[in-house]
Number of protein chains: 2
Amino acid sequence: MPNTLDYIHKTITSIIEVNNDEWNYFSGLFEVKELKKKEILLHADTICKNIYFVNSGLLRIYFTDNNGRESSFHFVPEHDFATDYESFLQQTPSKYFIQALEDTQVVIISNNMVLDGFKKLRYGEKLGRKLTEKYFILYCKKIQALYTQTPLDRYREMNKLFPFVLQRVPQHYIASYLNISSVHLSRLKNE
Amino acid sequence: MPNTLDYIHKTITSIIEVNNDEWNYFSGLFEVKELKKKEILLHADTICKNIYFVNSGLLRIYFTDNNGRESSFHFVPEHDFATDYESFLQQTPSKYFIQALEDTQVVIISNNMVLDGFKKLRYGEKLGRKLTEKYFILYCKKIQALYTQTPLDRYREMNKLFPFVLQRVPQHYIASYLNISSVHLSRLKNE
DNA sequence: CAGAGGCAATAACATTTGTTATCAAATTGA
DNA sequence: TCAATTTGATAACAAATGTTATTGCCTCTG
């Protein structure tokens, strides 16, 4: 029978090898959380204590500037991980919010589980490294894009990278992700 | 007597503890390289095989877009480390150039030395982690700045963070670091 | 020391992008 | 279902930023 942890198991084992003993130990430790649309999963100025695996739904990671304006940093659809890795790694207050854009079910991987995983999974360190690299590369690409691409370029790129986002996310969030106003995005689309 | 490795020793031991045996082993492995002004230390599309410690002088890390325009990514003055960590970690082709803006002396830390350091230094892993975190945080801040700050804000911030840069770097490099044209930077300064 | 090239300031103009306001359509929630 | 809210498009205008060209100064190099 399909269960709540099928997808996270599938995702993890696509990165590292996990045997039955290992999985049996860890699968008992996961917690599951249901979020209503618009609910906040992580609040800025609090420490990000978990990594979240999205079972279903959609999350948005964003931050606010001094004037309270939001910038969408990342969108996380089902079957992917979400966290503020900077805050999580250092256990320092986060600058980000994580919010559900749809009713969302997440699997919670606590900091303790991660540390435990480094010890008890044969390839735990590798999993950690892979996730870190994934984040690092995400950041690298983002900086490059902001420097070298026009908003229109970034919009097109985003269509390729996250086709799901355009269908499911209000346009002003997409505009803030591209770092332009929603009026401007609307104009760009007419080209 | 002062020698070439004094500063790198000082810098490393400010991050982790290194005893005499450890240092004696590693200090023999460093290589030193002299660069003339404008010389290229790392070329885009090649693999970044080393971490460089700047003994004296000044490096600029930059990349080019499709039209051949340069964006300055980072400036590295004496007594700090320079590398393309993305390329170095994964041993994949770099997107960056590293160039000397002044006559510069660097100490070369090869990939092999780094791997060796992880094993033979008691706190080698910690040193690696700290450097990774430093880069990660640098990237985080850069993204936040690009999203939430105006060019003028970024200029002021940069004055605080890298006071040395403004004195020693041609203004059009600073403009490209701020992601604006040199004409615009010139205008901003008159405020 | 002299010429060449690089650099910064400036002006004039063009383009991009933001802001505000308005309206209609779609969505939501009681 | 219906009112309230959200959303996306559009127009008109304002502000930010880029481009090109010019000038004078400085620096380097032979």
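The sequence lines fix the lettering, A, B, ..., with proteins before strands; numbering per chain opens at 1.
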Discussion item. Between C1' on D/dA15 and CG on B/Leu152, what's the gap in Å once rounded to a whole number?
Written reply: 14 Å
Worksheet entry | Under-4.0 Å salt bridge between A/Arg129 and A/Glu133 | yes
Worksheet item: Within less than 4.0 Å of OP1 or OP2 of D/dA9, is there a side-chain N or O belonging to A/Lys189?
Response: yes
Worksheet item: B/Gln167 CD to C/dC7 C1': how many Å, rounded?
Response: 16 Å
Worksheet item: What does the inter-axis angle of the helix from C/dC1-D/dG30 to C/dA30-D/dT1 come out as, five pairs per end, nearest 10 degrees?
Response: 60°
Response to the item:
Ranking C/dG18, D/dA9, C/dT28 by distance to the side chain of A/Lys37, first place goes to C/dT28
Practice prompt. Would you mind reading off the distance between A/His172 atom NE2 and C/dT27 atom P, rounded to a whole angstrom?
Written response: 15 Å
Practice prompt. Decide whether a cation-pi geometry holds between B/Lys142 and B/Phe73; the criteria are a distance under 6.0 Å from NZ or CZ to the six-membered ring centre and an angle within 45° of the ring axis.
Written response: yes
Worksheet item: Between B/Trp23 and B/Phe30, what is the ring plane arrangement, given parallel below 30°, perpendicular above 60°, and tilted in between?
Response: tilted
Worksheet item: Using 4.0 Å as the upper bound for N to carboxylate O, is an ion pair formed by B/Glu39 and B/Lys33?
Response: no
Worksheet item: Mind checking whether B/Phe75 and B/Phe162 have ring centres under 6.0 Å apart?
Response: no
Response to the item:
Judged by nearest nucleotide, the residue sitting upstream toward the 5' end of DNA chain D, B/Asn179 or A/Pro170, is A/Pro170
Worksheet item: The side chain of B/Asn190 lies closest to which of these nucleotides: C/dT10, D/dG18, C/dA9?
Response: C/dT10
Discussion item. Let's see if you can work this out: which of D/dT17, C/dC7, C/dA9 has an atom nearest to the side-chain heavy atoms of B/His184?
Written reply: D/dT17
Discussion item. Just the rounded figure in Å: distance from C1' of C/dT10 to CG of B/Leu185.
Written reply: 14 Å
Practice prompt. Rounded off to whole Å, could you give me the CD-to-P distance for the A/Glu191 and C/dT15 pair?
Written response: 14 Å
Practice prompt. Tell whether A/Arg187 reaches the base of D/dG8 with its side chain through a donor-acceptor pair below 3.5 angstrom.
Written response: no
Discussion item. Heavy atoms only, 4.0 Å cut-off, all strands: where does A/Lys38 land among base, sugar-phosphate and nothing?
Written reply: nothing
Response to the item:
Here the distance between atom P of D/dT7 and atom CZ of A/Arg168, to the nearest Å, is 16 Å
Practice prompt. Can you figure out which of C/dT17, C/dA21, C/dA9 approaches the side chain of B/Gln171 most closely?
Written response: C/dA9
Worksheet entry | Shared hydrophobic cluster for B/Leu101 and B/Leu185 (ILVMFWY, side-chain gaps under 4.5 Å) | yes
Worksheet, complete the sentence: From the list B/Leu127, B/Leu121, B/Leu5, side-chain contact (heavy atoms from CB on, under 4.5 Å) with B/Ile12 holds only for B/Leu127
Item to complete: Ignoring the backbone of A/Arg69, work out which of C/dT17, C/dT19, C/dA9 is nearest its side chain.
Response: C/dT19
Practice prompt. Report the distance from atom OH of A/Tyr155 to atom C1' of D/dG8, rounded to the nearest whole Å.
Written response: 12 Å
Discussion item. Does atom CZ (A/Arg156) have a neighbourhood of more than 12 heavy atoms from anything else shown, all under 6.0 Å?
Written reply: no
Practice prompt. Using heavy atoms to find the nearest nucleotide of DNA chain C for B/Ser186 and A/Ser182 separately, return the residue whose nucleotide is more 5′.
Written response: B/Ser186
Worksheet item: Rounding to a whole Å, what distance do you find between B/Asp103:CG and D/dT27:P?
Response: 16 Å
